[in-house]
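Quick notes on the structure that follows.
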Amino acid sequence: MKFSVSGRAAAVCAATSALSAVMLLTNGATAGAVTAPTPSAAAAAPDISVANVKAHLAQLQSIATANGGNRAHGSAGYKASLDYVKAKLDAAGFTTTVQQFTSSGRTGYNLIADWPGGDANRVLMAGSHLDSVSAGPGINDNGSGSAAILETALAVSRAGYQPAKHLRFAWWGAEELGMVGSRSYVNGLSSANRSKISGYLNFDMIGSPNPGYFVYDDDPTIQKTFQDYFTGLGVSTEPETEGDGRSDHAPFKNAGVPVGGLFSGADYIKTAAQASKWGGTSGRAFDACYHSSCDKTSNIDDTALDRNGDAIAYAVWKLSA
Ligand code: DTR
Ligand code: ZN
Ligand code: ZN
């Protein structure tokens, strides 16, 4: 199995899940890249610039356009998406690892980014699937989650944030094939390493054009953290019940890890009651371009993307302190 080693990257090959051997490519963290630490007790989450998040989405759109119109598992568009995210994180001082796996006869990749520092025995994770369906560029599903956690990770670096817990971010491959990448990651963890994960936050579709504000109702502490944020905004939320088992939090939940997350809606129809509290259009889907070629940069509601991005940063700061 071929792999390229870049910079001070080191490759560790380990056979793990039943899917295939998993190849790990890890860069060397650039110690100098981390700025002066900020005491975690005093740290408040920064605003996540929706303009920066949208700039990442524009890059993902350009990548899809240059690669046959999608960023699906096994495609050049997916690998280019991963390379884009990895380059930003390497430059910001993260220790990145590329996990390689095979599914449906094609090579897939997870990108794991560890922020140096924090208690290695208490890891807070935030993740999003980076792959699209083959029908389109997947800007809302799930460029939105991928771009928002990327910008949150970059905000951690800019702030020189040094929380009590260890922070780990993940971009999953082959979610659209059945959470293949995230399942491969969880299956590859020893029970000791699995028990070190204090929580996994999942963000899959957070910029839907006719948005709802749904909070995963799995772990109550994580759920309340997100609910408190939106209460502070004066935005009501609903429990996310349609997605149980349908995104990358499922393998973590099945392994006993506390999970939570945010969702702005897919092809389900917004009711009149929901439109009255959230705005938008009743009788229409939250995202009418779900799994379609029209899931492009125009298929995003900036307010939902902005609010959810800020909620992600709030939860990462609060749950890692
Ligand atoms: N984002 C979808 C999976 C998904 C997550 N929650 C829901 C709720 C209703 C429909 C689909 C989903 C995907 O990746 O296809
Ligand atoms: Zn999807
Ligand atoms: Zn998705």
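Whatever order the structure lists them in is the order used to number ligands and atoms, beginning at 1. Residue numbers start at 1 and run along the sequence shown.
- Looking from atom 6 (N) of ligand 1 to the surrounding protein, the closest heavy atom is Gly243 CA, 3.5 Å.
- Using modelled atom types, one side-chain atom of Asn254 and one backbone atom of Ala250 make a donor-acceptor pair closer than 3.5 Å.
- Here the side chain of Asp131 pairs a donor or acceptor atom with the backbone of Glu175 at under 3.5 angstrom.
- The closest protein non-hydrogen atom to atom 9 (C) of ligand 1 is Tyr268 CE1, 3.3 Å.
- Each of Phe226, Trp278, Tyr268 was compared with Phe214 under the ring pair (Phe, Tyr, Trp, His ring centres under 6.0 Å) criterion, and only Trp278 meets it.
- The protein heavy-atom contact nearest to atom 3 (C) of ligand 1 is Arg246 O, 3.2 Å.
- The atoms of ligand 1 that sit less than 4.0 Å from any heavy atom of His129 are 14 (O).
- Asn210 places a side-chain N or O within 3.5 Å of a backbone atom of Ala285 that can act as its donor or acceptor partner.
- Panel detail: the Zn ion (ligand 3) has protein N, O or S atoms under 2.8 Å away, 4 in number.
- Remark: the backbone N or O of Phe203 is paired with a side-chain donor or acceptor of Asn142 at under 3.5 angstrom.
- The residue from Asn140, Leu305, Asn52 that alone fulfils the side-chain contact (heavy atoms from CB on, under 4.5 Å) condition with Leu57 is Leu305.
- Enclosure of atom NZ in Lys296 is not indicated, since only 12 or fewer non-hydrogen atoms of other residues, nucleotides or ligands lie within 6.0 angstrom.
- Below 4.0 Å from some heavy atom of Glu175 lie the following atoms of ligand 1, by number and element: 13 (C), 14 (O).
- Short contacts between ligand 1 and Tyr290, defined as distances under 4.0 Å to a heavy atom of the residue, involve ligand atoms 2 (C), 11 (C), 13 (C), 15 (O).
- With respect to atom 7 (C) of ligand 1, the closest heavy atom belonging to the protein is Phe263 CZ, 3.5 Å.
- By the 3.5 Å distance cut-off applied to N or O atoms, Ser247 is not counted among the residues near ligand 1.
- Of all atoms in ligand 1, numbered sequentially from 1 with element shown, those under 4.0 Å from a heavy atom of His291 are 13 (C), 15 (O).
- Aromatic ring pairs are classed by plane angle as parallel below 30°, tilted from 30° to 60° and perpendicular above 60°; the pair Phe169 and Phe94 is perpendicular.
- Taking a cutoff of 4.0 Å between a charged side-chain nitrogen and a carboxylate oxygen, Glu151 and Lys88 do not qualify as a salt bridge.
- Side-chain atoms of His129 and Asp141 form a donor-acceptor pair, as typed in the model, at a separation below 3.5 Å.
- Residue-ligand proximity: Asp204 is placed with a non-hydrogen atom under 4.0 Å from ligand 1.
- Between the side chains of Ser134 and Asn70, no donor N or O sits under 3.5 Å from an acceptor N or O.
- Here the protein heavy atom with the shortest distance to atom 13 (C) of ligand 1 is Asp141 OD2, 3.4 Å.
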